[in-house]
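Inspection log for the structure reproduced underneath, given as structure tokens.
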Amino acid sequence: MDAPLSPASPATLPTVAVVGLGTMGTGIAEVLARAGREVIGIDVSEAAAAQAVAALEASTARAVRRERLTEDERRDVLARFRTFTDLQAAADADLVIEVAPESYEIKQQIFRELDTVVRPETILATGTNALSVTRLAADSARPERVLGLHFFNPAPAMKLVEVVSSVLTAPTAVAAVTDLAVELGKEPVAVGDRPGFVADGLLFGYLNQAAAMYEAKYASREDIDAAMKLGCGLPMGPLALLDLIGIDTARTVLEAMYAESRDRLHAPAPVLKQLSEAGLTGRKSGRGFYTYTEPGSSEVVRDALTPLTGEVVADARTIRSVGVAGSGTMASGIAEVFAKAGYDVVLAARSEEKAEKAKSRIGKSLSRSVDKGRMTAEAAAQTLDRITAAGSYDAFSDVDLALEAVAEDLEIKQQLFATFDKVCKPGAVLATTTSSLPVVACARATSRPQDVIGMHFFNPAPAMKLVEVVRTVLTGDDVHATVREVCAKIRKHPVDCGDRAGFIVNALLFPYLNNAIKMVQEHYATLDDIDAAMKLGGGYPMGPFELLDVVGLDVSLAIEKVLHREFRDPGLAPAPLLEHLVAAGCLGRKTGRGFREYARR
């Protein structure tokens with residue numbers, strides 16, 4: 001992606017030196033040169049400097065072909081970028097951005113040399129995402145002009161820039177680089193000095209937990225990645241992202257975060273060390289969690305861990321009719337999904353009235369699909385005709401699959417499964433949509449635990465492609481095969497996981513949300529800055545606080561309590577701020593107030 005071209009007469013910090021011309025340094029240099037700055041590129045390696053020039057020539061040539069730059073503008077950009085191998089070249093810079101390897105020794109040496117080269121008013125910025133800005137500043141002759149300026153890769157495309165202040169940084173220096181970031185077309189967020197800052201501080205904890213989940217053989221790498229892409233709308237799964245970032249880099253960041261926080265969630269998963277020390281650092285080496293065609297390639301190739309497609313483990317049972325228990329949004333959404341796929345559906349609730357109301361909700365949803373041209377009126381009518389509303393679970397006597405979507409309360413679910421056991425025919429598959437309760441506890445409420453499985457749909461069920469298929473230690477192979485086959489027929493993507501709290505998505509999502517709350521609780525960053533950082537720097541479709549308010553703070557707290565109770569990790573204890581908001585009745589959008597206030601309808 002091409003960087004926007006800012007005015008050719010820059011008002012803020014007109015001459016900038018970039019020290020370290022790797023991928024990130026070269027990207028930052030391009031952004032600066034295209035925004036009218038005189039850029040002094042410095043690297044001890046003449047080859048790296050030459051490669052940076054070649055990269056800028058190639059990217060600006062692409063911009064000309066795409067008519068985003070004229071040939072004259074391209075010449076001007078290239079003329080503004082000069083490269084050197086000696087730090088003396090930074091003497092005339094108004095700002096120096098250091099993007100050297102993540103090592104205190106290397107960075108401190110650079111800052112000490114710069115102290116003897118640059119003018120007293122020159123601002124020194126470190127591009128670190130893992131090391132202490134304060135420690136680097138304290139080692140400088142003028143710590144008040146040292147700060148962090150954390151760009152994201154690829155710098156020309158990514159909008160976020162974290163502006164990191166230490167307790168020593170002068171406000172004037174922060175203001176100057178913030179203005180620069182805006183003039184570069186970036187969105188700066190102000191953060192304090194702690195490892196990972198906002199975006200990486202939240203992101204790397206999540207990536208670490210995904211690596212640990214994979215290492216424990218809880219789920220396959222493909223299922224973990226698919227679950228987070230489809231369940232959370234993320235552009236990449238966590239293990240593929242670790243391969244892109246570099247497993248060695250991730251380990252370095254996590255080591256720094258753990259040294260600061262002593263939070264076990266930041267203690268690098270052993271698999272990261274094993275892969276790093278074996279040289280399997282991800283895409284750059286050609287192999288990490290996945291195997292690639294060659295070093296530097298993004299193309300994944302089959303390896304010994306790639307699952308076989310179309311492998312039949314057991315014979316599936318025949319499913320023609322489906323019973324859905326419940327009358328809420330999830331129950332009606334699941335019933336709609338099955339009816340659209342051609343199944344006969346019995347939608348049962350505690351009363352005929354509740355069931356009819358749920359069926360009416362499906363009718364309105366189908367009408368919206370017709371209005372949007374997604375289906376014909378005839379198809380919508382046929383879909384609705386396949387659904388029978390019932391006021392008693394006795395109507396499930398002949399269904400092949402009985403699936404509950406009632407309140408997330410174990411006692412209620414166990415009572416319902418005991419009812420399924422009585423009314424459903426032998427051989428019927430019994431499924432729960434629980435997102436946080438033990439599936440085996442539902443299974444034990446029946447005389448046929450081998451027939452019980454988890455099918456965790458995501459809301460809204462008609463739109464969300466993911467289903468977490470949750471096997472207990474008692475689930476039969478044929479039941480598992482049946483549900484996988486059914487998922488294919490209803491055009492959902494199944495991922496396999498074991499029966500433990502949170503399954504894949506919630507077990508990775510909610511600790512991340514909880515850590516975001518802790519950042520606000522500790523006055524480290526604002527709600528708006530954290531939400532912006534995760535959308536712009538992490539590619540999340542919603543910021544954590546937007547998502548919490550949509551999900552419901554009470555629902556979020558319940559899930560976090562379940563995770564904490566199951567894994568007994570102090571880092572998973574719900575943030576007190578979340579508990580206080582729930583106690584005050586501030587539950588998110590549904591009450592008009594959560595982390596933010598909403599207009600009441």
Side-chain angles (χ1 to χ4, degrees), residues 316-339 341 343-352 354-356 358-359 386-457 461 467-487 489-490 492 494 499 503:
R317 301 180 188 180
T318 301
I319 305 293
R320 294 188 183 89
S321 59
V322 179
V324 179
S327 56
T329 306
M330 181 59 86
S332 56
I334 291 170
E336 179 182 333
V337 167
F338 278 100
Y343 289 94
D344 291 325
V345 179
V346 179
L347 179 56
R350 285 174 296 173
S351 71
E352 189 87 39
K354 283 180 177 290
E356 288 291 353
K359 183 174 177 180
R386 290 190 197 103
I387 301 171
T388 303
S392 165
Y393 299 125
D394 290 342
F396 286 0
S397 61
D398 200 39
V399 300
D400 302 306
L401 167 63
L403 192 151
E404 69 76 21
V406 299
E408 194 73 345
D409 179 298
L410 184 56
E411 191 174 336
I412 292 172
K413 290 186 188 291
Q414 285 176 318
Q415 289 172 356
L416 185 52
F417 270 84
T419 302
F420 283 177
D421 197 30
K422 290 174 187 169
V423 304
C424 294
K425 65 186 181 184
V429 174
L430 312 180
T432 171
T433 61
T434 183
S435 63
S436 59
L437 300 174
V439 177
V440 75
C442 297
R444 294 287 289 165
T446 75
S447 63
R448 37 177 153 169
Q450 72 279 3
D451 292 342
V452 179
I453 195 165
M455 286 184 76
H456 180 213
F457 286 77
V467 175
E468 289 178 318
V469 178
V470 188
R471 293 188 69 163
T472 77
V473 291
L474 302 172
T475 304
D477 288 344
D478 60 336
V479 170
H480 174 247
T482 301
V483 168
R484 295 274 309 188
E485 190 174 279
V486 165
C487 285
K489 287 179 179 175
I490 61 174
K492 300 297 182 188
D499 184 19
F503 311 135

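Judged by distance alone, the side chain of Lys492 and the main-chain N or O of Ala461 form a donor-acceptor pair under 3.5 Å. Side-chain N or O atoms of Arg386 include one that pairs as donor or acceptor with a backbone N or O of Ala339 at under 3.5 Å. Proximity of a side-chain donor or acceptor of Lys354 to a complementary backbone N or O of Gly391 within less than 3.5 Å is not detected. Judged by distance alone, with hydrogens and angles left aside, the side-chain atoms of Asp400 form a donor-acceptor pair with the main-chain N or O of Ser321 at under 3.5 Å.
Of all heavy-atom pairs between Ser327 and Ala358, the closest is O-CB, 3.8 Å. What you find for Tyr393 and Ala325 is that their closest heavy atoms are CE2-CB, 3.6 Å. Of all the heavy atoms in Ala390 and Ala395, the pair that sits closest is CB-CB, 3.6 Å. Closest non-hydrogen pair, Leu430 versus Cys424, comes out as CD2-SG, 4.0 Å. The heavy-atom pair separating Thr475 from Thr472 by the smallest distance is OG1-N, 2.9 Å. In terms of heavy atoms, Ala407 sits closest to Ile412 at CB-CD1, 4.2 Å.
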- What do the steps show when you test Asp344 against Arg320 for salt bridge (Lys or Arg N to Asp or Glu O under 4.0 Å), and what is the final call? CA-CA 7 Å; Asp344 291 325; Arg320 294 188 183 89; over 6 Å; no

- Query: Can you check side-chain contact (heavy atoms from CB on, under 4.5 Å) on Val399 and Val322, steps first, answer last?
  - Reply: CA-CA 5 Å; Val399 300; Val322 179; 5.9 Å; no

- Message: side-chain contact (heavy atoms from CB on, under 4.5 Å), that's the test. Do Met330 and Ile334 meet it? Break it down for me.
- Response: CA-CA 6 Å; Met330 181 59 86; Ile334 291 170; 3.8 Å; yes

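The 12-atom threshold is not exceeded at NZ of Lys422, counting heavy atoms of other residues, nucleotides or ligands nearer than 6.0 Å.
Side-chain N/O atoms of Ser447 and Asp421 include a donor and acceptor closer than 3.5 Å.
Atoms CD and NZ, from Glu352 and Lys359 in turn, are 10.0 Å apart once rounded to the nearest 0.5 Å. Atom CD in Glu336 sits 11.5 Å away from atom CG in Leu347 (nearest 0.5 Å). Atom OG1 of residue Thr419 and atom CD of residue Gln414 lie 12.0 Å apart, to the nearest 0.5 angstrom. The distance from the CD atom of Glu404 to the CG atom of Leu416 is 6.0 Å, given to the nearest 0.5 Å.
Between Ile387 and Phe338, every side-chain heavy-atom pair lies at or beyond the 4.5 Å cut-off. Side-chain contact between Tyr343 and Leu401: absent, with no pair of heavy atoms (C-beta onward) separated by less than 4.5 Å. The closest side-chain heavy-atom distance from Ser435 to Glu408 is below 4.5 Å. Side-chain atoms of Val324 and Val345, non-hydrogen and from C-beta on, do get closer than 4.5 Å to each other. For the pair Leu403 and Thr433, the minimum side-chain heavy-atom distance is below 4.5 Å.
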For a quick test of your reading: what N or O donor-acceptor pairs under 3.5 Å do the side chains of residues 437-446 make, sequence neighbours left out?
from   : atom 1 : to     : atom 2 : distance (Å)
Thr446 : OG1    : Ala443 : O      : 2.7
Thr446 : OG1    : Arg448 : N      : 3.1

Under 3.5 Å, which donor-acceptor pairs link side chains of residues 449-457 to any protein atom two or more places apart or in another chain?
from   : atom 1 : to     : atom 2 : distance (Å)
Asp451 : OD1    : Arg317 : NH1    : 3.1
Asp451 : OD1    : Arg317 : NH2    : 2.8
His456 : ND1    : Glu468 : OE1    : 2.8

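One finds no salt bridge joining Arg471 and Asp499 here, because no Lys/Arg side-chain nitrogen approaches an Asp/Glu carboxylate oxygen to under 4.0 Å.
Annotation: salt bridge (Lys or Arg N to Asp or Glu O under 4.0 Å) contacts of Glu356 (sequence neighbours excluded): none. Take Lys489 and apply the salt bridge (Lys or Arg N to Asp or Glu O under 4.0 Å) test, not counting sequence neighbours, and it matches Glu485. In this view, Phe417 and Phe420 satisfy the ring pair (Phe, Tyr, Trp, His ring centres under 6.0 Å) rule, not counting sequence neighbours.
Residue pairs meeting the ring-ring contact (aromatic ring centres under 6.0 Å, His included) criterion with at least one partner in residues 424-449, sequence neighbours excluded, do not occur; the list is empty.
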